[in-house]
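Computed from a predicted structure; not experimentally measured. Counting convention: from 1, in listed order, for ligands and their atoms alike.
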Amino acid sequence: MDRFVIEGGRQLAGRIQVSGSKNAALPILLASILVDEPVYLSNVPRLRDIDTTLELLRLLGCQAEREASGDVVIHACHLRPEAPYDLVRTMRASVLCLGPLLARLGRARVALPGGCAIGARPVDLHLKGLEKMGARFSLEHGDIVGTCAKLHGASIILDFPTVGGTENLIMAAVLADGETVIENAAREPEIVDLAEFLRACGAVIEGHGTSVVRVHGVERLHGCQYRIMPDRIEAGTYLVAAGITRGRLEVEECPLAALDAVVAKLREMGMYIEREGDVVVAEARGELVCQDVTTQPYPGFPTDMQAQIMALMSVARGAGTVTEGIFENRFMHVPELCRLGARISLSGQTAVVRGVDRLTGAVVMASDLRASACLVLAGLAAQGRTVVRRIYHLDRGYEAMEKKLAAVGAAIFREKE
Ligand code: UD1
């Protein structure tokens, strides 16, 4: 297992590049199952979750390769309908193959994703929506087994705007008979990217990015070339890195529009964030001040930035609250931040953060992807040496993070445990 060693207290300065979006790439890779011609994808980040997805696609019978150029080519020519537990348990997003497999083959056997460090995360809404389109499900030996004749269009009102659920239903609907209307759909930019990819393959979709998505089923899709959007959470993490080190970063490929709620909050805290030419400049010019943050579905403040902004607030003036509105049990970074000297108390789904003058380095343990990012950020600001253990979580979702940070002045090293 690898860990990061960080000598904190250095101001970051320079240009930092954002990679392709993990959460857009995962559904798009799995949506390629819907297409019986080769699909060429660029800007696919080099991450463990992406490798897992390529492996899953191969197990499902697809050709799925990364070319020397970095582009990924997928050809879903000979499909098999089974996604085994060994793979699914390492990556919950595997459940996104359910919709595409049912649409293409009329059957799917996908291991039920197990418990997850950030709460129960059921998939009931995915199944309920697919049932409305004509699928039937049973649970056999820990696997979700789905069957259907040809899926048909349906009117679906989601109880909650689930991101993965909206994606699964859009994917299932593109090859269904007739029109599907998904109300209370999630509006995340990654859903827009998925829909744009599917449209490039010939799908007929409207309203993506709003809470009512309409999909008119077509007979078949054709191959295409598509560039994955930049990763808004990685970009947001680097904006916070500039703030927490009181530095100045020029962020390349920063999807500013998709980061509205994050940028607004960082500006309220006192950061300077503006597009200047082809980069977004993020700088902490004066003192930063704690604010109150509540995570919500898009366009609200993203839960995937909750841990990072908490790290920033832990060294800002005054006090503020961070309320988690999406996941139960997503505060595992709090005791670790406290080990670095942060003053945070928890009450239910709300953390009260009282800013301190400085954090001090310590050994801390990463518990999930975004918690890891939060601990790295805190380590960059802490006095002395911070060791972040179990960074395999981080490798799931941040491409070459230590190299990118080192290139803008951080003293950060990867070591074997
Ligand atoms: C996606 C993102 C993840 C992000 C999350 C919320 C990917 C690969 N992952 O996860 O990084 O943190 O959106 O922005 O894109 N729920 C149900 N029943 C369901 C589905 C969801 O109760 O059938 C609940 C979940 O338990 C959770 C909430 O809805 O409390 C949000 O989940 P969802 O929006 O589905 O998140 P994911 O798609 O899993």
Does ligand 1 have any atom that is closer than 4.0 Å to a heavy atom of [X]?
X    : result
E324 : no
E190 : no
A186 : no
R92  : yes

For ligand 1, find out whether one of its N or O atoms is nearer than 3.5 Å to an N or O atom of [X].
X    : answer
D124 : yes
T162 : yes
G164 : yes
L125 : yes
E167 : no
K22  : no
L26  : no

### Task
For a side-chain hydrogen bond (donor to acceptor under 3.5 Å, both in side chains) with R389, tell me which candidate from E417, E415, E336 qualifies.
E417

Using a 4.0 Å cutoff against the non-hydrogen atoms of [X], which atoms of ligand 1 qualify?
X    : answer
F160 : 28 (C), 29 (O), 31 (C)
R330 : 12 (O)
V163 : 1 (C), 13 (O), 33 (P), 34 (O), 35 (O), 38 (O)
T303 : 6 (C), 12 (O), 14 (O)

### Charged N-O contact under 4.0 Å between E250 and R248
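Yes, this pair counts.
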
### Query
Can R246 and E283 be counted as an ion pair, charged N to O under 4.0 angstrom?
no

### Value rounded to 0.5 Å, distance of CE in M91 from OG1 in T52
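So the CE of M91 and the OG1 of T52 are separated by 5.5 Å.
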
### Task
State the CG-CD distance between L198 and E167, to the nearest 0.5 angstrom.
10.0 Å

Would you be so kind as to tabulate the donor-acceptor pairs closer than 3.5 Å made by side chains of residues 149-162, with sequence neighbours excluded?
unit_1 : atom_1 : unit_2 : atom_2 : d
K150   : NZ     : L175   : O      : 3.1
K150   : NZ     : D177   : OD1    : 3.1
D159   : OD2    : K128   : NZ     : 2.9
T162   : OG1    : G165   : N      : 2.9

Side chains of [X] and [Y] only: does a donor on one sit below 3.5 Å from an acceptor on the other?
X    : Y    : value
Q306 : E324 : yes
H393 : D368 : no
T350 : T321 : no
T237 : Y398 : yes

#### Entry: Which segment of I233 sits under 4.0 Å of ligand 1 when only heavy atoms are counted
neither

### Query
With sequence neighbours left out, which residue pairs that include part of residues 231-270 fulfil the ring-ring contact (aromatic ring centres under 6.0 Å, His included) condition?
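Not a single pair qualifies under ring-ring contact (aromatic ring centres under 6.0 Å, His included).
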
### Query
Who gets closest to atom 16 (N) of ligand 1 by heavy atom: A93, P161, P122?
P122

